[in-house]
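I have placed the structure first, in the form of structure tokens, so that the comments after it can refer back to it.
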Number of protein chains: 2
Amino acid sequence: MDTTVEAKRYKRSRQRERILDTLRRTDSHPTAAWIYDELKRDFPDLSLGTVYRNLNILHDQGLVRVLQSGSTFDRFDADTSVHYHFVCQACGKVEDVAFPLPHDLDERASAMLGRVVTGHRLDFFGLCNPCSSAESADPVETGKL
Amino acid sequence: MDTTVEAKRYKRSRQRERILDTLRRTDSHPTAAWIYDELKRDFPDLSLGTVYRNLNILHDQGLVRVLQSGSTFDRFDADTSVHYHFVCQACGKVEDVAFPLPHDLDERASAMLGRVVTGHRLDFFGLCNPCSSAESADPVETGKL
DNA sequence: TTAATTGCAAACGGTTTGCCACGTT
DNA sequence: AACGTGGCAAACCGTTTGCAATTAA
């Protein structure tokens, strides 16, 4: 991630425009590989690395959300009761959160969606106290996780 | 994952007991590597593979929650507005969910936690309609993601 | 004795990166 | 001309797995 004051100046590229376009035309929350397959028709020499690079750029620009970060660590919790988590975007620390959400949230969602809902997961993002006081001018970095 | 009718019969192992014990003694939601380092003192020949194997077993037994799945794909979304997701635990499909949560959820959480909360993420888990009708007797598999 | 468990190391798989030619400004 | 971008392939890194030896039941 860029920590300098100046943001990077990007040039246009057909590939990146088509990647964003492809992403906007679907609601299937595709993987990088799916986008790659999709564009392979029009760009026979397309590389997976190019797709990843551009998705990261688009994310930098705030045009794309990353739903799951497959590149981070698995974290484990022996507390199997219902509770949520607060994740510090600076240091990655994970804290428990006892946030009062409706106890029948799954049932409600189930009824509203017309699907079998067996559970949910809620994470809050932000800065923990130590990191909050340590950082003065920090880049935005929205929705990183 | 075991799809047979009979569940696997586990034997005791010092390593697995210590792994669960270590996990229960902390609230830091550690990674596998952290647990490995922790137990390396008492088990000098301990292997990371053993830690992973046992964490999976403990998860099978419902004694451990996995907070982030680092082994799955990143998924991308060009819709940057606030919305949630429904993830099918059978086929992995991701659907948008317009669930009515308080618009000031982050502010409330921020006040309650005494931390800077910049955002949150809510995922529902369950079975999508196609998978729901396809599966008759399916294993529980709670909290996989 | 039977089968689960372990340590080791190799394999796996999604993602990143170095290199150099090419495209954009 | 200056520098971001693309394609290719190797590297990366957390996680899984095959194997022979060990250990629980």
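Keep in mind that what you see is a predicted model, and the values were worked out from it rather than measured. Quick note on labels: first sequence line is chain A, next is B, and so on, each numbered from 1.
The CZ atom of A/Arg18 sits 13 Å away from the P atom of D/dG6 (whole-angstrom rounding). Atom-to-atom, OH of B/Tyr36 to P of D/dG14 comes out at 13 Å; the value is rounded to the nearest Å. A/His59 has its NE2 atom 16 Å from the C1' atom of C/dT16, to the nearest Å.
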Side chain to side chain contact (heavy atoms under 4.5 Å, CB included) between B/Leu20 and B/Asn54: does it pass, once the steps are laid out? CA-CA 9 Å; B/Leu20 180 57; B/Asn54 281 307; over 6 Å; no
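Every residue was checked against the salt bridge (charged side-chain N to carboxylate O under 4.0 Å, His left out) condition with A/Arg53, not counting sequence neighbours, and none meets it. Residues meeting the side-chain hydrogen bond (donor to acceptor under 3.5 Å, both in side chains) test with B/Glu107, sequence neighbours left out: none.
Ring geometry for A/Tyr84 versus A/His120: interplanar angle of 30 to 60°, hence tilted.
Side chain to side chain, B/Asp79 and A/His29 fail the donor-acceptor criterion of an N or O pair below 3.5 Å.
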For every nucleotide of nucleotides 4-11 of chain C, 5' to 3': is a protein heavy atom under 4.0 Å from its base (B), only from its sugar-phosphate (S), or from neither (-)? SSBBB---
